[in-house]
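Below is one structure, written out as structure tokens, with a few remarks after it.
Everything numeric here is computed off the predicted structure, so don't read it as measured data.
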Amino acid sequence: MFESKLPNLGVSIFSQMSGLANEFSAINLSQGFPEFDAPDLLKTQLNYYVQQGVNQYSPSSGVPRLQQQIADLAKRRYAADINAADQVTVTSGATEALFVAIQTIVRPSDEVIVFDPAYDSYQPAIELAGGKSVHIALSAPNYTIDWQVVSQAITKNTRAIIINTPHNPSGKILQPQDIKALKELVGTHNLYVISDEVYEHITFDQQPHLSVLRDDELFTQSFVISSFGKTFHSTGWKMGYCIAPADLAVEFRKIHQYVTFSSFTPAQHALADMLEQQGEHIDELSGFYQQKRDLLASHLSNSRFKILPSQGTYFLLLDYSDVSDLNDVEFCHWLVEQAGVAAIPLSVFYQNPPTDKVIRLCFAKNDNTLIEAAQILCQL
């Protein structure tokens, strides 16, 4: 009999809930993709480069013009001095970048600390590298990290810590004291950091995103991973990148070249044009999504749901304990089948699921979709 390398994994919750949303013609606030389209310039330029015949392999590390635009963006947003050629690698989505970064540093028996609720790709990638995920659970409603607990979880086998800010699914962003504590542990124990920053440009209420790129010392031990899909409403393009110190980038690229070799060439050129000609799109993202967060929250204000704080991302958490006694997985199935709204249960993001009655909604949707969903939820 065939022995699975990942015997405990099945179909992801995102595929399950989107499938149910389609089956029951429900409003899909589950899977995290925008309902609206990518910017016109990006689409126009993609078509332009396809028609111009820019359809062959790009350099494995990325189109140089795009690498430079990424470095310029890091300079503008984080005052980071990045060498585009040596430190920026364009990838086929942030998930590929996460996978490659994990394969780059994790060896058999190494331990990697992850914070639950955690994005579901971390653990399989760690296991495929022969490592072990050490899960530290964060609790509703604030999902704050207790760094003393983290310190106690570090052993001689600890190799890395994965952080995610702004955090999917909680919407939490790391604060200066978090970065300070992380930096101390990294220095003391000679650890690596994989910083998942795919929602970096979506923070609310004038709170800054504290990228690892802001700290030169911490960056020397880090892989910083970003997503064009989140930034430009184009998740289906699967375009992302990793910024790392030159020595780590060399090792990252050794693996990247045998995973995808290179990423979609015409899209890289179109993205370079977008960054160069309409960089203000990035600066407007926080306000754009804050309006949607506030719209959804305001229309849920008279519901029986408790609204948890969202400091970033395009997700909003709801406590449904006053609505139902079902566990969160059962409640999400009931919600999509009986009420016509698809959501994601928080427990699936944990190694040891908590008893919290919390679900995640995606508000990267058109305003009328959010209002219609809220009206349904207010009737429960």
Side-chain angles (χ1 to χ4, degrees), residues 57-107 110 112 122 125-126 129 131 158-165 179 182-198 200-201 209-228 231 239-265 268-269 271-272 275-276:
Y57 295 123
S58 61
S60 183
S61 58
V63 169
R65 196 164 62 91
L66 178 57
Q67 290 176 290
Q68 188 59 56
Q69 286 296 324
I70 292 168
D72 292 347
L73 179 64
K75 179 69 172 179
R76 178 167 71 87
R77 299 285 294 196
Y78 310 127
D81 292 316
I82 300 300
N83 182 297
D86 294 340
Q87 296 181 294
V88 176
T89 306
V90 179
T91 62
S92 297
T95 301
E96 190 229 327
L98 287 164
F99 180 86
V100 172
I102 289 167
Q103 304 310 307
T104 300
I105 58 173
V106 176
R107 306 158 303 188
D110 280 347
V112 180
Y122 300 160
I126 292 166
T158 305
R159 181 73 164 169
I161 298 175
I162 298 179
I163 60 170
N164 175 207
T165 184
I179 300 299
L182 173 66
K183 184 175 177 180
E184 290 175 354
L185 291 178
V186 167
T188 299
H189 300 281
N190 191 29
L191 304 177
Y192 292 100
V193 174
I194 297 175
S195 188
D196 179 350
E197 303 185 16
V198 299
E200 62 188 314
H201 304 302
H209 166 60
L210 299 184
S211 174
V212 166
L213 293 172
R214 293 181 184 269
D215 190 302
D216 291 342
E217 187 177 348
L218 185 58
F219 176 61
T220 63
Q221 294 287 102
S222 301
F223 300 83
V224 179
I225 290 163
S226 300
S227 168
F228 287 123
T231 300
M239 297 296 296
Y241 58 92
C242 176
I243 302 177
D247 59 335
L248 296 182
V250 166
E251 299 305 315
F252 180 97
R253 292 172 178 181
K254 288 178 182 178
I255 297 174
H256 164 71
Q257 69 182 337
Y258 292 114
V259 175
T260 61
F261 181 75
S262 64
S263 298
F264 187 33
T265 302
Q268 291 194 54
H269 287 275
L271 287 163
L275 288 170
E276 182 179 19

Closest non-hydrogen atom pair, R77 against R214: O-NH2, 3.7 Å
Student check: side-chain heavy atoms of Q67 and Y241 closer than 4.5 Å: no
Applying salt bridge (charged side-chain N to carboxylate O under 4.0 Å, His left out) to R253 and not counting sequence neighbours gives none
Checking T91 against V259 for the side-chain contact (heavy atoms from CB on, under 4.5 Å) test, could you report, in this order, the C-alpha distance in whole Å, the side-chain angles of both residues, the deciding distance, and whether it holds? CA-CA 10 Å; T91 62; V259 175; over 6 Å; no
Does the side chain to side chain donor-acceptor pair (under 3.5 Å) test come out yes or no for T89 and S61, once each step is laid out? CA-CA 5 Å; T89 306; S61 58; 6.0 Å; no
NE2-CD distance between H189 and E184, expressed to the nearest 0.5 angstrom: 10.5 Å
F261 atom CZ: more than 12 heavy-atom contacts under 6.0 Å: yes
Heavy-atom pair with the smallest gap, counting every atom of A94 and V198: CB-CG1, 3.4 Å
List the steps and the verdict of side chain to side chain donor-acceptor pair (under 3.5 Å) for Y258 and Q103. CA-CA 12 Å; Y258 292 114; Q103 304 310 307; over 6 Å; no
Minimum heavy-atom separation for T104 and V100, please, with both atom names. OG1-O, 2.6 Å
Applying side chain to side chain donor-acceptor pair (under 3.5 Å), run through Q257 and S60 and close with a yes or a no. CA-CA 6 Å; Q257 69 182 337; S60 183; 5.2 Å; no
When every non-hydrogen atom of V88 is compared with those of I82, the smallest separation belongs to CG2-CG2, 3.7 Å
Taking all non-hydrogen atoms of both residues, which atom of A101 and which atom of F252 are closest, and how far apart? N-CE1, 3.5 Å
Trace of the side chain to side chain donor-acceptor pair (under 3.5 Å) decision for E200 with S211: CA-CA 8 Å; E200 62 188 314; S211 174; 5.3 Å; no
Do you know which two heavy atoms are closest between Q87 and D81, and how far apart they sit? OE1-O, 4.1 Å
